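Residue numbers run from 1 in the order of the sequence given. Everything quoted here is computed from the prediction, not taken from an experiment.
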Amino acid sequence: MISDGKILLKSCRGHFIDLGEGDKFDRLLQEAGLPFDIDSIATDREPLSGIQTLQFTDEEYHALYNSQISLMDLIRRKETGWLNSSGSEFLGNKFTLDFPENEINVINCRLDPAGLCHNDSRNGPICPLAPPATESLAADKTLLPSEVEQACQTIPTLACSPNKPVRWPKDDILTREWVADFSNMLDWSSRNLPPQQLPDVLPFSVVQKLVLTASNLLHREPNCIQVDPRADQTVTIVGDIHGQLHGAILLLQAAGFPSESRIFVFNGDYVDRGSWGLETFLLLLAWKVFLPNSVFLLRGNHESKYCTSVYGFKNELFTKYVDDGSQIYQLVLKCFQDLPLASVVAGCVYTAHGGLFRGMMNMPQKKHKRVRKCTANSSIVPSTLKLGSLEDLSKARRNVLDPPWKGSNLIPGDILWSDPSVEMGLSQNEARGGLGLLWGPDMTEKFMLENNLKLIVRSHEGPDARDQRIDLSGMNNGFTIDHQVNSGKLITVFGAPDYPQFQASEERYNNLGAYLGMQVPHFWGHWVDPKFDKMN
């Protein structure tokens with residue numbers, strides 16, 4: 001199958017150019033949903049191993065040239081084995097680990113270079129082949145209605161030239177076509193425009209309107225969203241994206257775009273570290289505005305003033321919007337504060353960026369009296385950590401720029417910064433400067449029992465964070481199973497492949513990204529892991 005690894009269409013476009021029909025090959029790529037130019041990829045970089053190479057014969061070129069076979073059918077027909085790359089490389093999809101009654105989907109996306117657009121032809125080939133995840137879902141007509149099946153294939157073609165400025169709808173109502181054009185414009189501009197020219201196609205007025213509209217929706221949602229899918233709906237949970245726009249677009253294409261039948265829960269960390277944090281966040285906001293009951297955006301620890309000031313997002317805004325960067329930054333920070341903290345899917349799957357949290361603390365009121373010497377019977381005793389409840393979560397105050405690390409409102413910081421551990425109990429997360437908690441398998445079991453859960457899905461830890469830990473598995477596959485207890489499992493899902501895609505000189509982990517897919521009634525057993533080919 002074409003999904004059995006990365007694929008290289010060796011010299012294909014060059015063959016058409018030799019015939020004077022380079023434009024025709026571009027059209028074939030567009031029809032097949034493969035918007036890439038294989039010959040524009042630099043070949044002087046160290047090649048990746050394990051790339052499936054497709055070399056067409058003269059007869060196959062002739063059939064393709066005379067429209068006797070589609071490019072996608074020809075690729076599928078080849079079904080060649082694994083070979084080494086001859087130098088050029090591009091994005092592929094791959095599946096890992098086939099879990100019982102379930103799939104976890106993983107994405108492998110490589111961009112070259114991964115920095116801000118330098119207006120050259122090496123800005124990262126994004127080659128979204130029709131992935132097995134989409135194909136297998138589309139084959140089950142009870143799972144995907146025809147309109148969703150069609151939406152899963154590829155983003156619709158642009159209604160207008162991508163280099164024209166985006167216009168906000170006069171009736172303030174976003175449509176699927178508008179979101180598709182918006183996505184294509186963001187993709188196009190990231191490849192063809194230097195960052196300072198983004199306002200030429202994405203005016204400040206559109207950014208302002210989109211962020212404000214989304215903020216109004218998010219503000220009305222509770223701290224913990226109850227997602228109750230119907231029998232004909234699927235739910236996809238996505239981990240950290242970190243400004244990797246092209247990986248996010250590929251993920252949506254692979255998993256199937258949001259619709260009335262396909263719910264998405266995004267688990268935070270949309271910005272920082274990657275070069276296209278603004279574009280990524282705005283794209284997800286557009287989907288939220290278009291489908292407010294099918295797209296849910298949770299907050300990550302990087303959706304804060306502190307992290308965005310340190311890890312690149314603030315500088316990104318001021319680089320792209322020199323005149324309006326400050327105003328956009330304030331708008332986005334306000335939107336961050338409106339993001340919910342967690343969700344419960346189908347009553348049995350808890351999702352949050354970091355994970356579990358402590359209970360509400362009752363701080364003693366200050367009394368302006370003479371200080372008395374403390375004795376053994378003093379009422380002032382050190383507070384002990386206890387596991388929080390969903391009721392505690394509902395009472396937390398989430399509209400803070402930076403989650404506090406001291407005081408009574410510690411639940412937001414716990415949810416955004418906490419990590420699982422193999423050690424039993426609850427403790428302060430000293431590895432993160434005291435922000436958040438470390439919790440053990442006993443706390444996972446307790447939280448599941450008290451809330452009738454079967455699965456906990458969190459994100460927060462990428463391959464860099466896991467490299468610093470010896471107690472838990474690495475994140476090379478895009479997900480890990482961290483706790484297996486009597487009541488269910490705790491898994492970590494990370495959605496940014498080949499992380500971090502920020503600077504061409506920065507070392508990347510060549511990791512896979514992941515997303516988790518579930519369908520009623522198996523919301524605790526169906527997982528989807530973003531590497532797109534099943535391995536027994």
Side-chain angles (χ1 to χ4, degrees), residues 155-156 158-190 193 195-221 241 243 245 248-249 252 257-259 264 266 268 270-272 275-300 302-305 308 313-340 398-399 401:
I155 294 180
L158 286 172
C160 59
S161 175
N163 61 349
K164 292 183 178 179
V166 176
R167 295 182 179 180
W168 187 259
K170 293 181 179 180
D171 58 3
D172 289 337
I173 298 177
L174 298 192
T175 63
R176 181 172 292 273
E177 291 72 25
W178 190 95
V179 176
D181 284 355
F182 186 63
S183 177
N184 279 318
M185 180 279 297
L186 296 174
D187 188 11
W188 178 88
S189 64
S190 71
L193 297 180
Q196 296 86 350
Q197 290 184 17
L198 180 61
D200 293 345
V201 292
L202 183 55
F204 165 73
S205 60
V206 176
V207 176
Q208 181 184 45
K209 188 69 174 180
L210 177 57
V211 175
L212 288 175
T213 303
S215 294
N216 289 334
L217 290 171
L218 296 167
H219 184 75
R220 294 196 293 267
E221 292 180 333
I241 300 176
L245 172 68
I249 292 174
L252 291 170
F257 295 105
S259 70
F264 273 77
F266 291 89
Y270 314 110
V271 303
D272 281 338
S275 299
W276 301 282
L278 177 62
E279 291 91 331
T280 301
F281 189 53
L282 292 179
L283 177 59
L284 298 183
L285 291 184
W287 279 110
K288 175 64 179 178
V289 172
F290 170 53
L291 292 169
N293 297 318
S294 294
V295 175
F296 299 97
L297 305 179
L298 306 183
R299 188 174 182 177
H302 278 265
E303 280 71 62
S304 64
K305 184 177 181 179
T308 53
F313 181 63
K314 181 179 180 180
N315 288 339
E316 176 192 338
L317 292 182
F318 281 78
T319 299
K320 294 175 178 176
Y321 288 84
V322 178
D323 297 329
D324 300 306
S326 178
Q327 193 169 351
I328 293 177
Y329 187 49
Q330 296 305 317
L331 285 170
V332 173
L333 286 179
K334 174 61 173 64
C335 188
F336 288 167
Q337 295 181 71
D338 290 324
L339 291 168
R398 76 174 191 252
N399 60 331
L401 282 173

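- With hydrogens and angles left out, the side-chain atoms of Asp172 and Trp168 include a donor and acceptor closer than 3.5 Å.
- Applying the ring-ring contact (aromatic ring centres under 6.0 Å, His included) rule to Phe264 yields the partners Phe266; only residues at least two apart in sequence or on another chain are considered.
- With sequence neighbours left out, Ser304 forms a side-chain hydrogen bond (donor to acceptor under 3.5 Å, both in side chains) with no residue at all.
- Contacts of Leu401 classified as side chain to side chain contact (heavy atoms under 4.5 Å, CB included), with partners at least two apart in sequence or in another chain: Lys305, Leu333, Gln337.
- Scored by the side-chain hydrogen bond (donor to acceptor under 3.5 Å, both in side chains) test, Glu221 finds Lys288 as partners (sequence neighbours excluded).
- Asp187 places no side-chain N or O within donor-acceptor distance of the main-chain N or O of Ser183, the cut-off being under 3.5 Å.
- In terms of the ring-ring contact (aromatic ring centres under 6.0 Å, His included) criterion, residue partners of Phe336 (sequence neighbours excluded) are, by chain and number, Phe281.
- For the residue pair Tyr321 / Ser326, no side-chain donor-acceptor distance below 3.5 Å is found, with atom types taken as modelled.
- In this structure, Thr280 contributes its side chain and Tyr270 its backbone to no donor-acceptor pair below 3.5 Å.
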Determine all donor-acceptor pairs shorter than 3.5 Å in which one atom belongs to a side chain in residues 203-215; sequence neighbours excluded.
| from | atom 1 | to | atom 2 | distance (Å) |
| --- | --- | --- | --- | --- |
| Thr213 | OG1 | Lys209 | O | 2.7 |
| Ser215 | OG | Val211 | O | 2.8 |

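- In this view, Asp171 satisfies the side-chain hydrogen bond (donor to acceptor under 3.5 Å, both in side chains) rule with no residue, not counting sequence neighbours.
- The aromatic rings of Tyr329 and Phe313 are tilted relative to each other, their planes meeting at an angle between 30° and 60°.
- Annotation: side-chain hydrogen bond (donor to acceptor under 3.5 Å, both in side chains) contacts of Asp338 (sequence neighbours excluded): His219, Lys334.
- Side-chain contact between Leu252 and Trp287 is present, with at least one heavy-atom pair separated by less than 4.5 Å.
- For Glu279, the salt bridge (Lys or Arg N to Asp or Glu O under 4.0 Å) test picks out Lys320, with sequence neighbours left out.
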